[in-house]
Engineer: 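Submitted below is the structure of interest, expressed as structure tokens.
Chain letters run A, B, ... following the sequence lines, proteins first, then strands; residues in each count from 1.
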There are 2 protein chains.
Amino acid sequence: MIIEKAASQLEALGNVTRLQIYRALVRAGDDGLPVGRLQEKLEIPASTLSHHLKRLIDTGLVIQDRQATTLICTANYKHMNALIGYLADECCADAGCLKQTRETVA
Amino acid sequence: MIIEKAASQLEALGNVTRLQIYRALVRAGDDGLPVGRLQEKLEIPASTLSHHLKRLIDTGLVIQDRQATTLICTANYKHMNALIGYLADECCADAGCLKQTRETVA
DNA sequence: TTGTTATTTCCATGATTGTCGAAATATTGG
DNA sequence: CCAATATTTCGACAATCATGGAAATAACAA
């Protein structure tokens, strides 16, 4: 994980609307959610949602798969996991920090 | 942890320069680093650095303590830990995710 | 007090972001 | 092909961000 990638992913998540989108996708699980369903949930215009989704997709945090006319969005846990790992390993060094937690488990 | 706070902290870290600042502070440990030392390390103008530091301080990720004429900056692990916990708990649901790791340990 | 060092605040500027209506595109069913 | 649905792209605009030189402030030492 290079710092530029971590920063761009953090920035993508660093917006309330986008964080809500991501959280909704996580809660939807592996089945994901169609863009339209996301729109209903968040109650924002389609174009606004589309722009935010693009940001999340560009950074790899969200995946889109077309199913006929609808686009299904799913959270890319692998990338989120890598990001959390980066934060824990590179950016946390406290005794009560997750870094130790991870090392203990590993 | 409310979503607005998480988002603002993520946004603060979502910039390469600020992420470098934070990482440098983590590596400096509990002793922290004076602003001037940070400036040497990152090779950026003082005013630019000051602006970035302010962002990190405003979100609670960095603490500043005056020691005579120099200001010592330290990473606030507690807040970073809370942020990582939020991401792991609220925004990650995969089998290989830290969420399980944390639950196992706890 | 005055000078020195350390850092912030002020100010300006160009770049990026967030927002959203309207138009364009994609995919399928009939 | 054409109509209908789902979603993106275009275009525009205000708001915020990133940057950094210059001036202001803070703390001390002499």
Side-chain angles (χ1 to χ4, degrees), chain A residues 3-25 28 31-76, chain B residues 3-25 28 31-76:
Chain A
I3 196 168
E4 282 82 8
K5 182 168 186 181
S8 72
Q9 290 181 335
L10 289 166
E11 197 228 22
L13 294 171
N15 170 281
V16 173
T17 304
R18 285 195 295 272
L19 197 49
Q20 285 174 329
I21 292 171
Y22 191 83
R23 208 168 54 150
L25 293 181
D31 293 339
L33 277 181
V35 175
R37 195 64 54 86
L38 267 174
Q39 199 197 332
E40 288 168 15
K41 273 182 182 286
L42 303 181
E43 295 179 305
I44 56 177
S47 62
T48 303
L49 173 58
S50 188
H51 284 305
H52 284 307
L53 274 175
K54 183 170 168 20
R55 294 280 294 274
L56 289 167
I57 292 164
D58 285 347
T59 58
L61 289 167
V62 167
I63 298 169
Q64 241 178 10
D65 268 307
R66 186 173 280 280
Q67 219 135 77
T69 54
T70 70
L71 283 170
I72 309 290
C73 306
T74 48
N76 189 342
Chain B
I3 196 168
E4 283 82 7
K5 182 168 186 180
S8 73
Q9 289 180 337
L10 289 166
E11 196 228 24
L13 294 170
N15 170 282
V16 173
T17 304
R18 284 195 297 271
L19 196 49
Q20 285 174 328
I21 292 171
Y22 190 83
R23 208 168 54 151
L25 293 181
D31 293 339
L33 277 180
V35 175
R37 194 65 52 87
L38 268 175
Q39 199 197 332
E40 289 167 16
K41 274 183 182 283
L42 303 181
E43 295 178 304
I44 56 176
S47 63
T48 302
L49 173 58
S50 188
H51 286 306
H52 284 307
L53 274 175
K54 183 170 169 21
R55 293 280 293 273
L56 290 168
I57 291 163
D58 285 346
T59 59
L61 289 167
V62 166
I63 298 168
Q64 242 177 10
D65 269 308
R66 186 172 280 281
Q67 217 135 80
T69 54
T70 72
L71 282 170
I72 309 291
C73 305
T74 49
N76 189 343

Engineer: Taking C-beta and beyond as the side chain, do A/Leu42 and A/Ile21 meet within less than 4.5 Å on heavy atoms?
Structural biologist: yes
Engineer: If you pin B/Leu49 and A/Arg66 to their nearest nucleotides in DNA chain C, which one's is more 5'?
Structural biologist: B/Leu49
Engineer: Nearest-Å distance, CG (A/Leu53) to P (C/dT17)?
Structural biologist: 16 Å
Engineer: Does the side chain of A/Leu49 reach to within under 4.5 Å of the side chain of A/Leu38, using non-hydrogen atoms?
Structural biologist: yes
Engineer: Rounded to whole angstroms, how far apart are CD on A/Glu40 and C1' on D/dT7?
Structural biologist: 14 Å
Engineer: Please state how far atom CD in A/Gln39 lies from atom C1' in D/dT8, giving the value in whole angstrom units.
Structural biologist: 12 Å
Engineer: Say you draw a straight line from CZ of A/Arg18 to NZ of A/Lys54; how long is it, rounded to the nearest 0.5 Å?
Structural biologist: 12.0 Å
Engineer: Classify the nucleic acid contact of A/Thr70 as base, sugar-phosphate or nothing, counting any heavy atom under 4.0 Å across all strands shown.
Structural biologist: sugar-phosphate
Engineer: Rounded off to whole Å, could you give me the CG-to-C1' distance for the B/Asp65 and D/dA26 pair?
Structural biologist: 15 Å
Engineer: Given the structure, check if the side chain of A/Thr48 and the base of C/dG18 hold any donor-acceptor pair shorter than 3.5 Å.
Structural biologist: no
Engineer: Taking C-beta and beyond as the side chain, do B/Ile44 and B/Thr17 meet within less than 4.5 Å on heavy atoms?
Structural biologist: yes
Engineer: Grab the CD-C1' distance between A/Gln64 and C/dT27 for me, whole Å please.
Structural biologist: 14 Å
Engineer: Using a 4.0 Å heavy-atom cut-off, does B/His51 contact any base of the nucleic acid, only the sugar-phosphate backbone, or nothing at all?
Structural biologist: base
Engineer: Round to the nearest Å and state the distance from B/Asp58 atom CG to C/dT8 atom C1'.
Structural biologist: 13 Å
Engineer: Let's see if you can work this out: which of D/dC17, D/dT7, C/dT9 has an atom nearest to the side-chain heavy atoms of B/Ser50?
Structural biologist: C/dT9
Engineer: Base, sugar-phosphate or nothing for A/Arg37? Non-hydrogen atoms, less than 4.0 Å.
Structural biologist: nothing
Engineer: Name the closest nucleotide to the A/Leu71 side chain, picking from C/dC10, D/dT8, D/dT5.
Structural biologist: D/dT8
Engineer: Side chain of A/Arg18 only, heavy atoms from C-beta on: which candidate in C/dT9, D/dT8, C/dG18 is closest?
Structural biologist: C/dG18
Engineer: With a cut-off of 6.0 Å (strictly less than), are more than 12 heavy atoms of other residues, nucleotides or ligands near CD of A/Gln67?
Structural biologist: no
Engineer: Report the nucleotide, chosen from C/dA22, C/dT8, D/dG21, that has the shortest atom-to-atom distance to any side-chain atom of A/Ser47.
Structural biologist: C/dA22
Engineer: Compare the minimum distances between each of D/dT9, D/dA18, C/dG18 and the side chain of B/Arg55, then state the nucleotide with the smallest one.
Structural biologist: D/dA18
Engineer: Taking the side chain as every heavy atom from C-beta outward, state whether B/Glu11 and B/Arg55 have any pair of such atoms under 4.5 Å apart.
Structural biologist: yes
Engineer: Could you tell me whether B/Ala68 contacts a base, only the sugar-phosphate backbone, or nothing, with contacts defined as non-hydrogen atoms closer than 4.0 Å?
Structural biologist: sugar-phosphate
Engineer: Does any non-hydrogen side-chain atom of A/Ile3 lie less than 4.5 Å from one of B/Arg23?
Structural biologist: yes
Engineer: Measure the spacing between CD of A/Gln9 and CG of A/Asp58 and express it to the nearest 0.5 Å.
Structural biologist: 11.5 Å
Engineer: For the side chain of B/Asn76 and the backbone of B/Gly60, is there at least one donor-acceptor N/O pair under 3.5 Å apart?
Structural biologist: yes
Engineer: Give the rounded distance in Å between these two atoms: CG of B/Leu42 and P of D/dA18.
Structural biologist: 15 Å
Engineer: Taking side chain as C-beta onward, heavy atoms only, is B/Cys73 less than 4.5 Å from B/Leu33?
Structural biologist: no
Engineer: How close or far is atom P of D/dA6 from atom CD1 of A/Ile44, stated in whole angstroms?
Structural biologist: 17 Å
Engineer: Counting only side-chain nitrogens and oxygens, does B/His52 get under 4.0 Å of the OP1 or OP2 atom of D/dT19?
Structural biologist: yes
Engineer: B/Gln64 versus B/Leu53: any side-chain heavy-atom pair under 4.5 Å?
Structural biologist: yes
Engineer: Residues of residues 5-17 of chain B with any non-hydrogen atom less than 4.0 angstrom from an atom of DNA chain D: list those, numerically ordered, please.
Structural biologist: B/Glu11, B/Asn15
Engineer: Heavy atoms only, 4.0 Å cut-off, all strands: where does A/Gln67 land among base, sugar-phosphate and nothing?
Structural biologist: nothing
Engineer: Of the listed nucleotides (C/dT9, C/dT8, C/dG21), which one gets closest to any side-chain atom of A/Pro45?
Structural biologist: C/dG21
Engineer: Just how large is the angle between the end axes of the helix from C/dT1-D/dA30 to C/dG30-D/dC1, five pairs per end, to 10 degrees?
Structural biologist: 20°
